Amino acid sequence: MKHENTERIVRAALFLCAISAALILLFIVSFLFKEALPYLSHGDLAGFITGTKWRPSDNIYGAGIFIAGSIITTFGALLIAGPLGVACAVFLSEVAPKKVATLVRPAIELLAGIPSVVYGLFAIVVIVGLLQRDAGKIFTGEALPTGKGILTASLILGLMVLPIVISISQDAIASVPRIYREGSYALGSTKWQTIQKVIIPGAMPGIAAGLILGVGRAIGETMAVVLVLGNVGMIPSSIIGLESRGETLTSAIMLEMSYASVGSMHYAALFTLGLVLFFMAFVLSMTSDYMLGKRRRN
Amino acid sequence: MLGLTAKRKNSIAMLLLWMSAASILLVLCSIIIYVFYRGSHELGIEFLTGQPENAWLDGGVFPAIIGTLYVVFIALLFATPLGVGAATYLTQYTKEGITTKIIRVGSDSLNAIPSIVFGLFGLALFLYYLKMRPSILAAGLTLGFMILPTIIRTTEVAIKAVPGCEIEGSYALGATKLQTITGVILPTALPGIITGVILGLGRAAGETAPILWLASFWPPITPLSPADPFNSLTTTLYFLTSEAQTEKYVARAFAIASILLFMVLVLNYFARALNNRLSANIRR
């Protein structure tokens, strides 16, 4: 009897452990809502999302610039990580000799392990410097006024999300049935034709899921972006130079939170930014999981 | 691509594919070499073990090293038992159903939350509601929330890899469920669990955004109790980089980045070694 009791207690304790993650999630969402409430109840959510003026001192909160900044930098990151990541995944699973693959794989894991603030430091010192001095000479004949902006941010973000794009694309490629490949080769196709016509189309849903997950990561990245995007409250309108600077949801929260006083409208508006960010990341992750899950069932 | 034969196109494509991997390797190597090279000017025994002076511009970063280790320790202390417990429940105590679905969606969504949102949560919960000081405990728990899903997932995978015959053998000998879990399942899954802990450790040690508001830049204190204020390597690196405009700041920032990178390299090596042993075990 005593023994059954122990088992029951253990079971209950383990159940509590199991729901802890869901509880923490619930806790986080309700805290965000609660802190954002003074702003949310104040109204105009549409104005919040589409407004392009953010002036806490005048009580004007238009997060549109930050949302646009986040979307533009993330899109730039995708332009880099998408083609390069898929190419690398194809290389690793279809082309690379075993020895080469065992060399490249740990390198990609390392890339995933580098802290974001280290990426930020590298970007601000090396990429910003290179861009300002040398790219300026190529494009305009003289040094640029700044090397910060969406190009630098997209480059470093692209690099940061590469590992996730590669690893999920690789899984997707591995799940393309062997017979398809053999059929293609038997018909006399070259390796590239097989990759292009059979493997990539077959793996496409998985690759898309990987890209979506990458977007989710990029949109939530803070440290590297805050260091290299220039942090000017405007929508970037150029790829290089002063007009390419901007600010994202994450960098706005990071920079302003330390001087927003608790309970003020500014504070609540920053938590509303956090909520927007949370929902973007949540929807992207759910979409990606759904796509991967559907694939697995098939 | 007019005028190109299939064979020709194939060679060009193969070249590009090789180049994609080569460029990634090249970028990784240049980051690592550059960071260590720039960091080497400041790095030394004094830098690793000394107390900082002059707003971290002189002296060592010892308090930040201890801060990082301490915060990560608290995060693991929180997340490891919870995560292993959760994975044990998911694999041994229930069938797939609505409950497990809720648990999994919860854990996956927690994993997807941007790190700065954890920062907001930590700030609101610990500083404003619980009225705690910015401290090791607050930062450690915030990071613990963040790495919990990683530990749950890796432990689940490790437990699922335990051969069914070993579990059945244990039951056949009359062992209870609890005895089977503590005597057979968890010991067999241990290398996999440790891999998960290492992954979580690496992630917690490298994060900045969740703990930036919970750190105290100056004066530096080598934390002794979990209630002490702290600085971590990452928060110090961020402060130096965002202030930075002199060579001295940059050099010191790179020295801290070298320590972080060295940590990442060592952790990766161990995770890899464990993983290889694990897959070798399974093959046997």
Side-chain angles (χ1 to χ4, degrees), chain A residues 3 6-7 10-11 13-15 17-22 24-25 28 31-32 35 84 87-88 90-91 95-96 104 106-107 109-111 113-118 120-122 124-126 159 162 190-193 216 220 222-223 227 250 253-254 257-258 262 271 274 277-278 281-282 285 289, chain B residues 6-7 9-10 13-14 16-18 20-21 24-25 27-28 31 34-35 82 85-86 88-90 93 102-103 106-110 112-117 120-121 123-125 128 145 148-149 152 176-178 202 206 208-209 213 234 237-238 241-242 250 253-254 257 260-261 264 268 272:
Chain A
H3 163 81
T6 332
E7 293 269 337
V10 168
R11 193 194 168 92
L14 291 179
F15 177 72
C17 292
I19 56 166
S20 62
I24 291 170
L25 177 77
I28 291 178
F31 252 87
L32 287 178
E35 300 299 287
L84 194 56
C88 190
V90 168
F91 174 78
V95 179
V104 177
E109 278 168 31
L110 260 185
L111 214 52
I114 297 179
S116 56
V117 69
V118 174
L121 174 67
F122 181 80
I124 200 174
V125 172
V126 178
L159 191 62
L162 255 181
T190 62
K191 194 156 222 174
W192 173 240
Q193 284 169 329
T222 312
M223 303 321 292
L227 289 170
T250 52
I253 298 172
M254 173 105 281
M257 200 63 210
S258 35
V262 185
F271 269 86
L277 190 62
F278 169 80
F282 179 76
S285 145
D289 281 357
Chain B
K7 219 175 153 190
K9 266 196 229 173
N10 188 54
M14 289 307 124
L16 288 174
L17 289 177
W18 274 90
S20 74
I24 293 173
L25 278 185
V27 169
L28 177 73
I31 292 180
Y34 189 86
V35 167
L82 266 186
T88 309
Y89 183 83
L90 281 172
Y93 280 87
I102 292 172
I103 293 170
S107 165
D108 289 349
S109 312
L110 196 63
I113 295 184
S115 55
I116 189 140
V117 174
L120 284 175
F121 176 63
L123 182 75
L125 174 68
Y128 301 147
F145 300 152
L148 180 60
I152 295 181
T176 63
K177 190 160 208 162
L178 190 57
T208 317
W213 297 311
T234 53
L237 172 50
Y238 174 70
T241 313
S242 59
V250 175
F254 273 110
L260 284 168
L261 216 49
V264 169
N268 253 54
R272 183 150 277 278

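The sequence lines fix the lettering, A, B, ..., with proteins before strands; numbering per chain opens at 1. Since we're looking at a predicted model, the values are computed, not measured.
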Drop me the distance from [X]'s [atom1] to [Y]'s [atom2], to the nearest 0.5 angstrom.
X	Y	atom1	atom2	value
C88(A)	L25(B)	SG	CG	8.0 Å
S242(B)	M223(A)	OG	CE	8.0 Å
I24(A)	S107(B)	CD1	OG	10.0 Å
L110(A)	R272(B)	CG	CZ	8.5 Å

Side chain, backbone, both or neither of [X] within contact of chain A (heavy atoms, under 4.5 Å):
X	result
L120(B)	both
L123(B)	side chain
Y34(B)	side chain
N10(B)	both
L178(B)	both

Legend entry - Among the listed options L277(A), L121(A), V118(A), T222(A), the residue most often paired with chain B at heavy-atom distances under 4.5 Å: L121(A)

Legend entry - Pick from I19(A), V95(A), V90(A) with the largest number of heavy-atom pairs that fall under 4.5 Å of chain B: V95(A)

With a 4.5 Å heavy-atom cut-off, do [X] and [Y] have their side chains touching?
X	Y	answer
N268(B)	P106(A)	no
M254(A)	W213(B)	yes
V104(A)	I24(B)	no
L110(B)	I28(A)	yes
E7(A)	T176(B)	yes

Legend entry - Partners passing side chain to side chain contact (heavy atoms under 4.5 Å, CB included) against A13(A) (at least two apart in sequence or in another chain): none

Legend entry - Non-neighbouring partners of Y128(B) that pass ring-ring contact (aromatic ring centres under 6.0 Å, His included), sequence neighbours left out: Y267(A)

Inset, instruction - Please state whether the side chain, the backbone, both or neither of F15(A) comes within less than 4.5 Å of a heavy atom of chain B. - result: both

Legend entry - chain B contact via E35(A) - side chain, backbone, both or neither, heavy atoms under 4.5 Å: side chain

